[in-house]
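Read through the structure below, which is laid out as structure tokens, and then see the notes.
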Amino acid sequence: MITAAKWRKHGCPRSVQSLTRLALVAIMVCTSAIKNWSLPADYTLQTSAANTSDITEHAKSSDPKSVPAVHGLSAKAVEIARPLGFPITNSMLVSWIVAIALIVFAQTATRDMQQLPTKLQNVLEWLVESLYTFMTGIIGPHLAKRTFWFFATVFLFILSANWMGLIPGVGSIGWGSQTAHGFVVAQPLLRGANADVNMTLAMALVFFASWIVWSFREVGPLGFLKELFAPKGESEGLLKVLMVVVFFAAGCLEVISILFRPISLSFRLYGNIFAGENLLEAMSKLVPGFGWLVPIPFYFLELVMGLVQALVFTLLTAVFTMLMCQHESEGPAAAHVR
């Protein structure tokens, strides 16, 4: 059993406090991003109204072969409220619920730390220590101490958001209209947080800003430029000049790759979660009368996919950090195992 003394030895209470603070920062950043990039309220309402009218027309059609138009999950989040002119979308609502749940869980588990941990404290200790050991094996103990707060937060938030999107009612409860083919939801109240590209892009941009700060802190601005453009290895004469040109060209390509990292990170996560939710919706409508049974195997698939995507996002960001911030004299713990 993990004891509270061992937990404090690793500095995990500080990490939990950072988790709470970063979760609040992530809420504000993601909220701002979605506010700026979401569609105007009039557009979303008009689009939903158009979808509902199309379905109604199909339902009223005298053609016996007429079927309702199939509308999967919309590519953009639907605005459900605008208090004081501030737009709130259904994906924002889910992200707030997930963040608040994680904060309450962390605060409750660490409110009364005991030498013999309670069940809730033991669960959190196991989560934190397992993640910390895992990250130490990848990026080394030095970087893990500095960056663990971010990677643990991102992993837990993405995993919780992905799994919450699988709860029955998310995407199927909302505003719509009754047709001859049943009730059709045009504006769902809840939507998977990571099925909104604004959320995933905001997380990727937060990582990009943190990555720059970590890089400058570890190697400095000059070391940052040397890591990108300076030739590696030893060479002399004409070969040295050639290597300077080659590594400078490679550095330019690396800069382009770095600038595209937030886009690739955000669209990889968004695409997989968005496709998964559309798959579940399609399976629920595949066999009339058995919409509750057909998607069950795919729910297990999406549970695994939610975990995999959280790991992929966390591992990619960790590796990007290690490649720039790792000192030459250091190496990940795994590299020293013989």
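Note that the coordinates shown come from a computational prediction; the quantities given were computed from them, not determined experimentally. What's counted below: heavy atoms across the whole structure, side chains too, no hydrogens, waters or symmetry copies.
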Worksheet item: With distance as the sole test, does Thr200 use its side chain to make a donor-acceptor pair with the main-chain N or O of Val197 at under 3.5 Å?
Response: yes
Discussion item. Does the plane of the ring in Trp214 sit parallel, tilted or perpendicular to the ring in Phe151? Use 30° and 60° as the thresholds.
Written reply: tilted
Worksheet entry | Phe298 to Leu279 - nearest heavy-atom pair and separation | CD2-CD2, 3.7 Å
Discussion item. Checking the side chain of Arg146 only, and the main-chain atoms of Pro141 only, is there a donor and an acceptor separated by less than 3.5 Å?
Written reply: no
Worksheet item: How would you list, by chain and number, every residue that makes a side-chain contact (heavy atoms from CB on, under 4.5 Å) with Thr108, sequence neighbours excluded?
Response: Val104, Arg111, Leu120
Practice prompt. Any pair with a residue in residues 236-256 that passes ring pair (Phe, Tyr, Trp, His ring centres under 6.0 Å), sequence neighbours left out, goes on the list, sorted by first then second residue, please.
Written response: Phe229-Phe248
Worksheet item: Quick check: does any side chain N or O of Asn90 sit under 3.5 Å from a backbone N or O of Pro188, one acting as donor and the other as acceptor?
Response: yes
Worksheet item: Are Glu281 and Glu277 close enough that some pair of their side-chain heavy atoms sits under 4.5 Å apart?
Response: no
Discussion item. Pro83: which residues meet the side-chain contact (heavy atoms from CB on, under 4.5 Å) condition with it, sequence neighbours left out?
Written reply: Ala81, Ile88
Discussion item. Let me confirm one number: the CD1-CG distance from Ile296 to Leu301, rounded to the nearest 0.5 Å.
Written reply: 14.0 Å
Side-chain donor/acceptor pairs under 3.5 Å, residues 258-270, sequence neighbours excluded:
unit_1	atom_1	unit_2	atom_2	d
Arg261	NH2	Glu254	OE2	3.0
Ser264	OG	Phe260	O	3.4
Ser264	OG	Arg261	O	2.9
Ser266	OG	Pro262	O	2.9
Ser266	OG	Ile263	O	2.9
Tyr270	OH	Ala75	O	3.2

For residues 309-318, dump all side-chain donor-acceptor pairs below 3.5 Å to protein atoms at least two apart in sequence or in another chain.
unit_1	atom_1	unit_2	atom_2	d
Thr314	OG1	Ala310	O	2.8
Thr317	OG1	Phe313	O	2.9
Thr317	OG1	Thr314	O	2.8

Worksheet item: Do Phe216 and Met324 come close enough that some side-chain heavy atom pair is under 4.5 Å?
Response: no
Fill in: CE on Met164 to OG on Ser95, rounded to 0.5 Å
9.5 Å
Worksheet entry | Aromatic ring proximity Phe300/Trp163, centre distance under 6.0 Å | no
Worksheet item: Among pairs that include at least one residue of residues 148-170, which meet salt bridge (Lys or Arg N to Asp or Glu O under 4.0 Å), considering only residues two or more places apart or in two chains?
Response: none
